[in-house]
Amino acid sequence: MSGSDSHRPVRRRTFVLGTAAAAGTAALAGPLAAPASAAAFGWSDDGSHYVVDTGAGLVFKVAKSNGDLTSLVHRGVEYQGYGGMNSHVESGLGASGVSVKQSGATILISVAYGTLKHYYAARSGENNVYLWTNKADASVSATRYILRVRKGLFLNDEPDSSTYTTRTVEASDVFAKSDGQTRSKHYSRLRVTDYTHIGWTTGGVGLWIVRSNHEKASGGPFYRSLLRHQSADGGGLYEILYYGQNQTEEQRFGLQGPYVIAFTDGGAPSPALFPGTLTTPWADSLGIAGYVGASGRGRVAGVGITGRNTAYPYTVGLANSAAQYWGPARSSDGYYSIGGVLPGTYTLTVYKSELAVYSTQVTVSAGATTTLNTIAIPATNDPGNASAVWRINEWTGTPAGFKNADLMTYAHPSDVRAAAWTGNVVIGSGGETSAFPCYVWKDVNSGLLVYFRLTAAQAAAAHTLRIGVTTAYANGRPQVVVNDTWTSAVPSPPAQPNTRSLTNGSYRGNNHAFTYSVPASAWRTDTGQYNVLRINVVSGSGTTGFLSAGTAFDAIDLLA
């Protein structure tokens, strides 16, 4: 702050708080209740910051020079900051235009950085900060908001931390503890559809980020990205709007939000803040760039879905170049309803677990519900319906069921908890799926073997072998050898993300099924002998070890 700044007059706007209802909002209860001695709601200008008091024990500051959140005080305790760094979009936007206005029970701080607009809003009597980010183009590379939290306030030794680690395993962001367990901010375990909020609690106070609906994010409902981290220096909570890691879609632009920084008395944030539940009619007239209120949105509802395998959950997704949405299909009949959708024409996709098994086009209009008749998934759309001589794992678009599959969403492949990455299996012996590794790398475990017998009739015929994958690193793809006498051609690599995946907690890429036409001459005619299938991973890319070319498996089968 310059010398002249220090002598700027302090301006303050106040809204005297009686009760939340008197302030024009619904009465708050439970973890969002204001303390009995709530201060006055309003904002002031200390010369270098806009200072906002919510009247509920939360006071925060936003720098007038760049829009950084520089202070976050809840009930007298400062939570913001570590390592001399503030909370902000990306790593800080730089010189920005910052302004403030009050509209009744709402204070809005607006930040303009080139074509990017960012907003902080406070409501009288709430321990929440509402945020929106409007990224109009690629002038800012990725898009995240990071809330930096001071050390010592919360303890976290979960997979997404780097606390108490002793050595680096990979790059500068994957670590190992002395006991061999691995930690990284990438190891969230969770897909976007699996969580509504992320944060920490001491039991007496909780600090959370409630995610937005991700309508302008990329990657769909099953996308994984970093959510939080903590180390000896402090912690970070994230809202990732465009991560740039393991992306399967082009970047979307436009207003994203609100997402919410929420304090509680130790419990989870109010479900009223969760995406799909949160309504913000108070923001309709604030002038937020790109904002579309509830009246400008529509809904898609379907009466049901037939042709499902009811052993698995189904999700319905909507996507176009401008926005994405999703919702669960009811297990009993496949009914679904997706609200808050921006007007436009979307590709509607039905997913069995994470495998797309049906798609169509649907148009959404503002203020209306597009109702769809029953969707009938053709039997041929689900590869699991095909008759097979044998099959390892179910076709779900995920490695779930294979060895180490669950662990790999929150640990490095070198983690001490990982079972051996070997995995030759004998069909019919039982436990083939759980014995077969979820990932195969060229430099680690390429050449896995599958032993199986065929009847005389089966051995007399050609068969199609299918290998389903969910992603690949460095163009790794399977080439197969049967009985050391027949070798498939090297298949072309399907389009996959070009960043790390298998080692930083994500198997999610583009599902692809490789097919191999195996001639009858490849089989052994002695029905008492095992046929041997060798699966190699081939590629001219990648380095060594777990960063050599690799792929993640979905299912393997030999069709009848």
- Task: List for me each residue that meets salt bridge (charged side-chain N to carboxylate O under 4.0 Å, His left out) alongside Asp406, sequence neighbours excluded, and say none if there are none.
- Result: none

- Note: Leu108 and Tyr119 closest approach over all heavy atoms is CD1-CB, 3.9 Å

- Query: Do any N or O atoms from the side chain of Ser337 and from the backbone of Arg299 form a donor-acceptor pair under 3.5 angstrom?
  - Reply: no

- Can you label the angle between the Tyr120 ring and the Phe60 ring as parallel, tilted or perpendicular, going by 30° and 60°? tilted

- Query: Is there side-chain contact between Phe402 and Ile392, with heavy atoms separated by less than 4.5 Å?
  - Reply: yes

- Determine yes or no for a side-chain-to-main-chain donor-acceptor pair under 3.5 angstrom, with Lys135 supplying the side chain and Val140 the backbone. yes

- Option among Thr315, Val303, Leu348, Val350 that satisfies the side chain to side chain contact (heavy atoms under 4.5 Å, CB included) test with Tyr336: Leu348

- Would you call the rings of Tyr145 and His118 parallel, tilted or perpendicular if under 30° counts as parallel and over 60° as perpendicular? parallel

- Thr54 backbone acceptor or donor facing Glu126 side chain under 3.5 Å: no

- Task: Would you please say whether a donor-acceptor pair under 3.5 Å links the side chains of Glu170 and His412?
- Result: yes

- Query: Does a salt bridge link Arg183 with Asp157, judged by any charged N lying under 4.0 Å from a carboxylate O?
  - Reply: yes

- Scan for salt bridge (charged side-chain N to carboxylate O under 4.0 Å, His left out) pairs involving residues 206-220, sequence neighbours excluded, and state none if there are none. Glu215-Arg297

- Message: Can a donor-acceptor pair be found, under 3.5 Å and without considering hydrogens, that links the side chain of Thr433 to the backbone of Gly401?
- Response: no

- Message: Checking Thr398 against Glu354: is there a side-chain donor and acceptor pair closer than 3.5 Å?
- Response: no

- What are the two closest heavy atoms between Gly397 and Thr470, and how far apart are they? O-CG2, 3.2 Å

- Applying side chain to side chain contact (heavy atoms under 4.5 Å, CB included), run through Leu318 and Gln324 and close with a yes or a no. CA-CA 5 Å; Leu318 303 174; Gln324 60 172 9; over 6 Å; no

- Between Lys185 and Asp160, is there a side-chain N and carboxylate O pair less than 4.0 Å apart? no

- Message: Test side chain to side chain contact (heavy atoms under 4.5 Å, CB included) on Leu190 and Arg224; report intermediate values, then the result.
- Response: CA-CA 6 Å; Leu190 302 174; Arg224 283 180 165 89; over 6 Å; no

- Message: What I want to find out is whether Glu249 reaches Arg252 closely enough, with some N-O distance under 4.0 Å, to be called a salt bridge.
- Response: yes

- Query: Is Lys352 salt-bridged to Asp382, going by a charged N under 4.0 Å from an acidic O?
  - Reply: yes

- Item | Where Asn246 and Ser506 come nearest, the two heavy atoms and their spacing | ND2-CB, 3.5 Å

- Query: Are any of the side-chain heavy atoms of Ser218 and Glu250 separated by less than 4.5 Å?
  - Reply: no

Could you tabulate the donor-acceptor pairs under 3.5 Å formed by side-chain atoms of residues 365-377, not counting sequence neighbours?
| residue | atom | partner | partner atom | Å |
| --- | --- | --- | --- | --- |
| Thr370 | OG1 | Thr363 | O | 2.8 |

